[in-house]
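Here the structure is laid out as structure tokens; the discussion comes afterwards.
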Amino acid sequence: MDYIAVLDYQHLDNGLFLSAFAKSVATHENSRGLILHGDSEYTERLIQTGLIREEATKRAIKDLNHRLIALLADYGISTIGLNGYQRSLIMKKDNAITIDTNQLNNLPSKPHLLLSNLVDNPDTGIPERIDLDQLAAAFQRSLKTSHLFVFTLDDTEELINQNRFDEITDQKMGESHLREIIPDEFRNNSCSFYLTTAQEFATYPNLQNATLVRR
């Protein structure tokens, strides 16, 4: 995998963002990405139908995995879609996340990989949702890549384009206008990542239009 891209809770319910993201991935002809996702506001809509939150969350994650595969296919993007618990690809045991890298390496080498944060818990035998930042950090370590991408919440893109930083450190993270553009899942995480927009993601592997958030 050349990069990891994370689709956060808020962006997963934004059709315009998802279309722009898919268009950008379609330009990555010489790069292969790992795309991570969890659930979205779709969970709340399922709860309104009578499902309890735990079941609604799991169903939303599974449904979104299928929907994202279909969306990417509409843009001509070949993608393998999996939930983390399938084939015990990702396991969580005693608060430690383990990734079966051998199995990951045995997957076909060309398609992108779309993976949910619903992972295997061998103690309970029941799939469990884990936080996206924890999953991203585990893959970052396993794949030995620094190219982890998170997408700005500023829909106008003004904050990231007009007041762009080359790098954001923990000291700058205290500034409210910066915290407002970083998804909730990555405001207090421990791993470094690149902050960009769906449109500017098309320039990968050029990192000139991405801001490094260093941890």
Check: K23 side chain, Q199 main-chain N or O, donor-acceptor pair, under 3.5 Å: no

N/O donor-acceptor pair under 3.5 Å between D94 side chain and A96 backbone: no

Shortest non-hydrogen contact from L212 toward S192: CD1-CB, 4.4 Å

Nearest non-hydrogen partners of L135 and I90, listed with the distance: CD1-CD1, 3.6 Å

Heavy-atom check, side chain of K58 versus side chain of I126, under 4.5 Å: yes

Nearest non-hydrogen partners of F151 and P183, listed with the distance: O-CG, 3.3 Å

N30 atom CG, over 12 foreign heavy atoms within 6.0 Å: no

Polar contact flag, side-chain donor to acceptor under 3.5 angstrom, D2-H147: no

Non-hydrogen atoms of V119 and K92 that approach each other most closely: CG2-CB, 4.1 Å

Over 12 foreign heavy atoms within 6.0 Å of CZ, R45: yes

N/O donor-acceptor pair under 3.5 Å between D120 side chain and R87 backbone: no

For the student: nearest non-hydrogen atoms of I77 and A26, plus distance: CD1-N, 3.7 Å

Sidechain-backbone polar pair: T27 side chain, A202 backbone, donor-acceptor under 3.5 Å: yes

Test log, rule side chain to side chain contact (heavy atoms under 4.5 Å, CB included), inputs E180 and T152: CA-CA 9 Å; E180 288 173 0; T152 173; over 6 Å; no

Output field: ring centroids F149/F193 closer than 6.0 Å: no

T43 side-chain N/O to D39 backbone N/O, donor-acceptor pair under 3.5 Å: no

Exercise: do N209 and E200 side chains pair donor with acceptor under 3.5 Å: no

Polar contact flag, side-chain donor to acceptor under 3.5 angstrom, D13-Y42: no

Presence of salt bridge, E44 and R53, under 4.0 angstrom: yes

Shortest non-hydrogen contact from L118 toward P127: CG-CB, 4.0 Å

Donor-acceptor under 3.5 Å (E55 side chain, I52 main chain): no

Donor on one side chain, acceptor on other, N83 and S116, under 3.5 Å: yes

Check: T101 side chain, L104 main-chain N or O, donor-acceptor pair, under 3.5 Å: no

Derivation and outcome, side chain to side chain donor-acceptor pair (under 3.5 Å), residues N65 and H37: CA-CA 8 Å; N65 194 269; H37 75 90; 3.0 Å; yes

Side chain T79, main chain L113, donor-acceptor under 3.5 Å: no

Heavy atoms of other groups near N95 CG, more than 12 under 6.0 Å: no

Axial cation check for Y3 ring with R32, 6.0 Å and 45° limits: no

Parallel, tilted or perpendicular, as decided by the 30° and 60° cut-offs, for the rings of F21 and F201: parallel

Intermediate values then yes/no, side chain to side chain contact (heavy atoms under 4.5 Å, CB included), T203 and Q208: CA-CA 8 Å; T203 65; Q208 184 176 355; over 6 Å; no

Cluster check Y85, L64: I/L/V/M/F/W/Y, side chain < 4.5 angstrom: no

Distance-only side-chain donor-acceptor flag, H11 / D8, under 3.5 Å: yes

T49 side-chain N/O to L46 backbone N/O, donor-acceptor pair under 3.5 Å: yes

Under 3.5 Å donor-acceptor, D131 side chain and Q134 backbone: no

